[in-house]
Trainee: 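So that we are looking at the same thing, I have put the structure below in structure tokens.
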Amino acid sequence: MPELPEVEVVRRGLAAGLRSRTIAAVEVLHPRPVRRHPTGPEGFALTLAGRTFTEPRRRGKFLWLPFADGDALLAHLGMSGQFRFNDASDPLAPNTRVLVDFLDGGPQLRFVDQRMFGGLSISVGGAELPAEVAHIGLDPFDPGFDVERAVSQILARRSGIKRVLLNQEVVSGIGNIYADEALWEARLHYDTPAQSLSRRRARALLVAASQVMEGALAVGGTSFDALYVNVNGASGYFDRSLHAYGREGQACRRCGRPIVREAFMNRSSYRCPGCQRAPRASSAQRSTRVTAL
DNA sequence: ACTATATCCTGTATGC
DNA sequence: TGCATACAGGATATAG
């Protein structure tokens, strides 16, 4: 699942392969990835021809590929989106959805996406910051990221801490894998009310999230299968460094107890039952008690 | 304004 | 072998 480190790996690959290149033609092979474009796949393809890419940018898991004319191609990888560079004569990978050819005749840019939760759209005037991304919070890799401000936002939420970590409007870039890893590092249960944390613990959690993701970026990201690869089709190696995610039944590397998997928010949460104890009472239980009194 | 949930989508793994 | 079901989980629309 591409989260912040994986999306940054992709951004860097795109930077190396797209800069100053001009689009000759675009072919949309499946309409779903361009569903947000108002004039449909044909309009999407036509409006892109002739545009010249500049430096790709990113906020959290959103990528945008600015054009020299001030607009941008906005991209989200969703669950399984990939950008790949291939010669036009190379066979198409399964689930290839969009093809971009360039005037220089060099490698094609291909958007491949099995589950199609992600997609491409055109952001008019979005070269600097697409309006579609304006509501997304800064990510921990952003030079403008303010830890104290993020701590304050976490403490203002009534939800469990993992819900808050996954909320891209508070801090962006964190998905299920790095949320579980950060919670393991910080020894926190996913249901701990965000409001109950001290500033110190909330800060430590954010630092842990940031450090885990930096470590993942350094080795090319986390890959479990062929659904996340860089623009050359290569996998990352961070799965070997995970402490919680995907380790059901395996010993906690801190205390030795088997990691458990629990259903949470329509997905799985992994935690150590020894190091990450459930909070004494959920906020819902407490408010019920207050009401009863 | 905040919070929680249903929904989208397809390949792979598993159970009967 | 075939068929059904569970699972992977991003962001968003919608309901409360």
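Letters A, B, ... mirror the listed sequences (proteins, then strands); counts begin at 1.
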Trainee: Are the side chain of Arg247(A) and the backbone N or O of Ala251(A) linked by a donor-acceptor pair below 3.5 Å?
Mentor: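 A pair under 3.5 Å: yes.
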Trainee: Taking atom C1' of dA13(B) as reference, at what distance in whole Å does atom CD of Glu248(A) sit?
Mentor: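 Answer to the nearest Å: 15 Å.
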Trainee: Atom CD1 of Ile154(A) and atom P of dC2(B): how far apart are they, to the nearest Å?
Mentor: 15 Å
Trainee: Heavy-atom nearest nucleotide on DNA chain B for Arg267(A) versus Arg157(A): which residue maps closer to 5'?
Mentor: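 Nearest-nucleotide comparison on DNA chain B picks Arg157(A).
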Trainee: Give the nucleotide from the list dC8(B), dT7(B), dT10(B) with an atom nearest to the side chain of Arg32(A).
Mentor: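 Selected nucleotide: dC8(B).
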Trainee: Give a yes/no on whether any side-chain N or O of Arg261(A) is located under 4.0 angstrom from OP1 or OP2 of dA8(C).
Mentor: yes
Trainee: Identify which nucleotide among dT7(B), dT5(B), dC9(B) has an atom closest to any side-chain atom of Met116(A), counting heavy atoms from C-beta outward.
Mentor: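 Nearest to the side-chain atoms of Met116(A), counting from C-beta on, is dC9(B).
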Trainee: Nearest whole Å is fine: how far is dT12(C) C1' from His76(A) NE2?
Mentor: 11 Å
Trainee: Which nucleotide, dA4(B), dG10(C), dT10(B), lies nearest any side-chain atom of Leu166(A)?
Mentor: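 Output: dG10(C).
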Trainee: Residues in ring pair (Phe, Tyr, Trp, His ring centres under 6.0 Å) with Trp184(A), at least two apart?
Mentor: His243(A)
Trainee: I'd like to check the side-chain hydrogen bond (donor to acceptor under 3.5 Å, both in side chains) partners of Glu262(A); sequence neighbours left out, ordered by chain and number.
Mentor: Tyr190(A), Arg271(A)
Trainee: Please determine if Arg57(A) and Glu128(A) form a salt bridge, counting it only when a charged side-chain N lies under 4.0 Å from a carboxylate O.
Mentor: yes
Trainee: Which of these nucleotides, dA8(C), dA11(C), dG10(C), is closest to any side-chain atom of Phe62(A)?
Mentor: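 Side chain of Phe62(A) sits closest to dA11(C).
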Trainee: If you go through the side-chain atoms of Arg115(A), does one of them form a donor-acceptor pair with the base of dA8(C) closer than 3.5 Å?
Mentor: yes
Trainee: Over how many whole Å does the gap from Met265(A) atom CE to dA4(B) atom P extend?
Mentor: 9 Å
Trainee: Which nucleotide wins on minimum distance to the side chain of His135(A), given the candidates dT3(B), dT12(C), dT10(B)?
Mentor: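 Comparing dT3(B), dT12(C), dT10(B) against the side chain of His135(A), the answer is dT12(C).
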Trainee: Gln114(A) has an atom CD; how far is it from atom P of dC7(C), in whole Å?
Mentor: 17 Å
Trainee: Just the rounded figure in Å: distance from P of dA11(C) to CG of Leu165(A).
Mentor: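 Distance check: Leu165(A) CG to dA11(C) P gives 13 Å.
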Trainee: Base, sugar-phosphate, or nothing: which does Arg35(A) touch, judged by heavy atoms less than 4.0 Å apart?
Mentor: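 If one applies the 4.0 Å heavy-atom cut-off, Arg35(A) turns out to touch nothing in the nucleic acid.
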Trainee: Using a cut-off of 4.0 Å on non-hydrogen atoms, how would the nucleic acid contact of Asn95(A) be classed: base, sugar-phosphate, or nothing?
Mentor: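 Sugar-phosphate contact only - Asn95(A) comes under 4.0 Å of backbone atoms but never of a base.
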Trainee: When the distance from CG of Leu120(A) to P of dG10(C) is rounded to whole Å, what number comes out?
Mentor: 19 Å
Trainee: Within this structure, what is the CZ-to-C1' distance between Arg163(A) and dT5(B), rounded to whole angstrom?
Mentor: 8 Å
Trainee: Would you mind classifying the nucleic acid contact of Ser80(A) as base, sugar-phosphate or nothing, using non-hydrogen atoms under 4.0 angstrom?
Mentor: nothing
Trainee: Name all residues meeting the salt bridge (Lys or Arg N to Asp or Glu O under 4.0 Å) criterion together with Asp69(A); count only those two or more places apart in sequence or in a different chain, and write none if there are none.
Mentor: Arg51(A)
Trainee: Of the nucleotides dA4(B), dT10(B), dG10(C), which one has an atom closest to the side chain of Lys61(A)?
Mentor: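 For Lys61(A), the side-chain atoms sit closest to dG10(C).
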Trainee: Identify whether the distance between the nearest side-chain nitrogen and carboxylate oxygen of Lys162(A) and Asp180(A) falls below 4.0 Å.
Mentor: yes
Trainee: Note down the inter-axis angle between the two ends of the helix from dC2(B)-dG16(C) to dC16(B)-dG2(C), five pairs each, to the nearest 10°.
Mentor: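 Rounded to the nearest 10 degrees, the bend comes out at 50°.
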Trainee: Among all residues two or more places apart in sequence or in another chain, which pass the salt bridge (Lys or Arg N to Asp or Glu O under 4.0 Å) test with Arg11(A)?
Mentor: Glu8(A), Glu55(A)
Trainee: Just compare dT3(B), dG11(B), dC9(B) and give me whichever is closest to any side-chain atom of Arg158(A).
Mentor: dT3(B)
Trainee: Which residues pass the salt bridge (Lys or Arg N to Asp or Glu O under 4.0 Å) test with Arg35(A), sequence neighbours left out?
Mentor: none
